[in-house]
*Asks:* 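Here it is, the structure, as structure tokens.
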Amino acid sequence: MVRSLPILTPLRGIAALIVVLFHARLILFPQWQPLLASQTQFIENGYVWVDLFFILSGFVMLHVYREQFARPCTFSQWRHFVWLRFSRIYPLFFITFVVLLSWELVKYHHQIGFYGGMLLESWGLKDIPAFSGPFNRADAILPNILLLQGLTESMLSWNISSWSLSIEWLCYLIFPLIVPLLNRSAKKTLWLPGLVLLVIYGLIEHKGNLDITGGVVAFLRGMCGFVLGIWLASLPLSARVQRHLNRDWVLVVLLGCIALVLHHSTSIPSLIAVYVLFAALVITGARQTPRNSVGFRLLNNRVTQYLGDISYSMYLWHTVLLLIGIEALQQLAPDLLTWWYAQQSIVLAVMAIGLFLVLTFSVSTVSYYCIERPAMKMLRKQAPTEPVIRSSPAE
């Protein structure tokens with residue numbers, strides 16, 4: 001029986017929520033971006049929470065499949081595992097892609113050009129013909145259908161959040177092959193986190209930050225987090241260390257340190273520090289046992305579990321709502337949009353963010369119960385019957 005990891009689900013939900021706000025600030029709330037950035041860089045640095053997804057994914061994969069892939073896997077085992085992962089991630093991704101593709105066809109038929117809001121317009125991204133960019137490009141359709149866009153496309157395309165999904169899919173494909181190499185004693189793999197941090201350092205040095213979303217370097221970014229998560233899951237901890245980790249104050253300190261570092265403009269040392277803190281947060285969160293303490297209840301309750309449950313739907317649908325919503329408003333109510341971008345009231349900003357989050361949560365909830373889970377169950381009924389590899393419903 002695989003032990004549940006209750007805290008990790010809320011962490012996934014928190015990360016997804018921050019990514020939602022990171023994207024929304026550019027399209028729906030650009031007029032408040034300078035003011036917000038002058039007070040805190042936390043949302044400006046929101047992209048880095050995607051790396052927590054990669055670490056979480058690697059950790060959970062080894063936690064669930066450690067025994068099945070402890071030895072070199074057969075082709076039938078690999079095929080079965082890949083089908084389970086496909087059934088988990090592809091149906092919802094494909095639905096969101098089809099929605100975006102359908103909207104682009106409507107734009108093409110009515111000769112509607114691209115509009116991404118006031119900020120993107122100031123960058124010269126306006127009135128670009130349908131299927132010509134900047135995101136919904138015709139030449140990126142096939143890579144997206146094959147979930148290769150994160151590797152083959154240098155620029156974001158279609159569902160702009162899905163680049164990380166593409167990278168994670170590639171990580172899944174090689175996961176059964178690398179588990180026997182990584183699932184060893186800690187003494188034999190102590191070099192691994194050092195290598196991961198060295199690669200991350202090189203990526204930041206190359207780009208200037210860690211916001212790398214396309215090409216081989218994006219694959220390296222995702223693979224680093226995924227492999228680090230695998231290593232963390234294989235790391236043996238003594239009973240004494242686990243007792244120390246299983247405390248509210250450890251979680252509070254880690255979350256506080258992450259928030260403090262991301263509050264300021266990032267540098268190479270601070271991004272490396274956040275990466276290490278993410279790793280510490282994952283291994284600490286995984287070692288928590290249910291208890292009736294204030295800190296544990298704040299992180300693990302019905303609301304945070306719900307947020308974690310719908311996090312995948314939220315991650316994919318929020319960009320669809322942003323990209324289609326802003327273009328639809330530009331066509332249906334351009335004066336309202338002009339008025340909106342002229343607003344400076346903080347109260348109005350908070351209300352608007354709240355309304356957008358309610359809309360995102362509502363769509364994501366319907367998606368989770370009506371698309372994500374039913375599609376996964378339906379596809380898993382078609383999975384190869386041998387060998388039987390069990391995974392938790394959420395994964």
Side-chain angles (χ1 to χ4, degrees), residues 8 11-12 15 18-19 22 45-63 69 85 147-156 161-235 254 257-258 261-262 265-286:
L8 298 192
L11 288 180
R12 190 166 60 233
I18 295 172
V19 172
F22 172 75
N45 296 324
Y47 71 88
V48 79
W49 288 86
V50 174
D51 293 282
L52 181 63
F53 287 139
F54 289 130
I55 299 172
L56 281 168
S57 183
F59 190 99
V60 172
M61 286 299 99
L62 187 66
H63 178 74
F69 297 129
R85 305 318 308 153
L147 265 184
L148 294 175
Q149 69 271 26
L151 182 64
T152 63
E153 300 298 306
S154 60
M155 299 174 60
L156 295 172
S161 296
S162 68
W163 74 267
S164 61
L165 184 62
S166 169
I167 299 301
E168 188 159 337
W169 170 245
L170 296 174
C171 291
Y172 289 155
L173 294 180
I174 64 176
F175 170 75
L177 309 178
I178 63 176
V179 169
L181 302 176
L182 301 180
N183 190 24
R184 299 182 177 184
S185 66
K187 292 182 179 180
K188 294 182 178 180
T189 57
L190 282 176
W191 54 270
L192 188 60
L195 177 61
V196 165
L197 293 179
L198 183 63
V199 174
I200 291 297
Y201 172 86
L203 294 175
I204 300 171
E205 179 72 24
H206 170 74
K207 174 75 184 300
N209 56 43
L210 202 51
D211 193 11
I212 303 168
T213 58
V216 175
V217 285
F219 175 71
L220 287 175
R221 176 190 177 187
M223 195 64 188
C224 280
F226 192 79
V227 168
L228 182 59
I230 293 174
W231 183 81
L232 291 171
S234 67
L235 189 64
L254 287 173
C257 287
I258 292 170
V261 174
L262 294 179
S265 297
T266 54
S267 60
I268 293 179
S270 64
L271 285 172
I272 294 293
V274 168
Y275 212 84
V276 173
L277 288 168
F278 278 162
L281 182 62
V282 169
I283 197 169
T284 300

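Here the structure is a predicted model, which is why all the values come from computation and not from measurement.
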*Asks:* Could you tell me whether a side-chain N or O of Tyr275 sits under 3.5 Å from a main-chain N or O of Gly225, the two making a donor and an acceptor?
*Replies:*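 The answer is yes, because a donor-acceptor pair under 3.5 Å joins these two groups.
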*Asks:* Knowing that exactly one of Ile212, Asp211, Ile167, Val19 qualifies, which makes a side-chain contact (heavy atoms from CB on, under 4.5 Å) with Val50?
*Replies:*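 Output: one option passes, namely Val19.
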*Asks:* Search all heavy atoms of Ser162 against all heavy atoms of Gln149 and return the closest pair with its distance.
*Replies:*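 In terms of heavy atoms, the two residues are closest at OG-NE2, 2.9 Å.
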*Asks:* Minimum heavy-atom separation for Leu8 and Gly285, please, with both atom names.
*Replies:*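 In terms of heavy atoms, the two residues are closest at CD2-C, 4.0 Å.
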*Asks:* If I compare all heavy atoms of Ile174 with all of Met223, which pair ends up nearest, and what's the gap?
*Replies:*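 Distance-wise, the nearest heavy atoms are CD1-CE, 3.0 Å.
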*Asks:* Which one of Leu210, Val261, Asp51 satisfies the side-chain contact (heavy atoms from CB on, under 4.5 Å) criterion with Val274?
*Replies:*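 Testing each of Leu210, Val261, Asp51 against Val274, the sole residue satisfying side-chain contact (heavy atoms from CB on, under 4.5 Å) is Val261.
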*Asks:* Give me the atom names and distance for the closest heavy-atom approach of Pro193 to Leu190.
*Replies:*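 In this case the closest contact between Pro193 and Leu190 is CD-O, 3.4 Å.
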*Asks:* How close do Ser270 and Thr266 get, heavy atom to heavy atom, and via which atoms?
*Replies:*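 In this case the closest contact between Ser270 and Thr266 is OG-CA, 3.2 Å.
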*Asks:* Has the side chain of Trp231 got a donor or acceptor atom that lies under 3.5 Å from a matching backbone atom of Thr189?
*Replies:*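 Side chain of Trp231 to backbone of Thr189, a donor-acceptor pair under 3.5 Å: yes, one is there.
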*Asks:* For Thr213 versus Ala218, what's the shortest heavy-atom pair and its separation?
*Replies:*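 Closest approach of Thr213 to Ala218, heavy atoms only: C-CB, 3.7 Å.
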*Asks:* Evaluate the side-chain proximity of Leu197 to Leu228: yes if any heavy-atom separation is below 4.5 Å, no if none is.
*Replies:*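 No, too far: nothing below the 4.5 Å cut-off.
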*Asks:* Does Tyr172 offer a backbone N or O that forms a donor-acceptor pair with the side chain of Arg85 under 3.5 Å?
*Replies:*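 Not at all, since once roles are kept as given, no pair shorter than 3.5 Å links the two residues.
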*Asks:* Do the rings of Trp163 and Phe54 sit parallel, tilted or perpendicular, given the 30° and 60° boundaries?
*Replies:*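 Judged by the thresholds at 30° and 60°, the geometry between Trp163 and Phe54 is perpendicular.
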*Asks:* Show me the pairs that pass side chain to side chain donor-acceptor pair (under 3.5 Å) and involve residues 196-208, at least two apart or across chains.
*Replies:*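 For residues 196-208: none.
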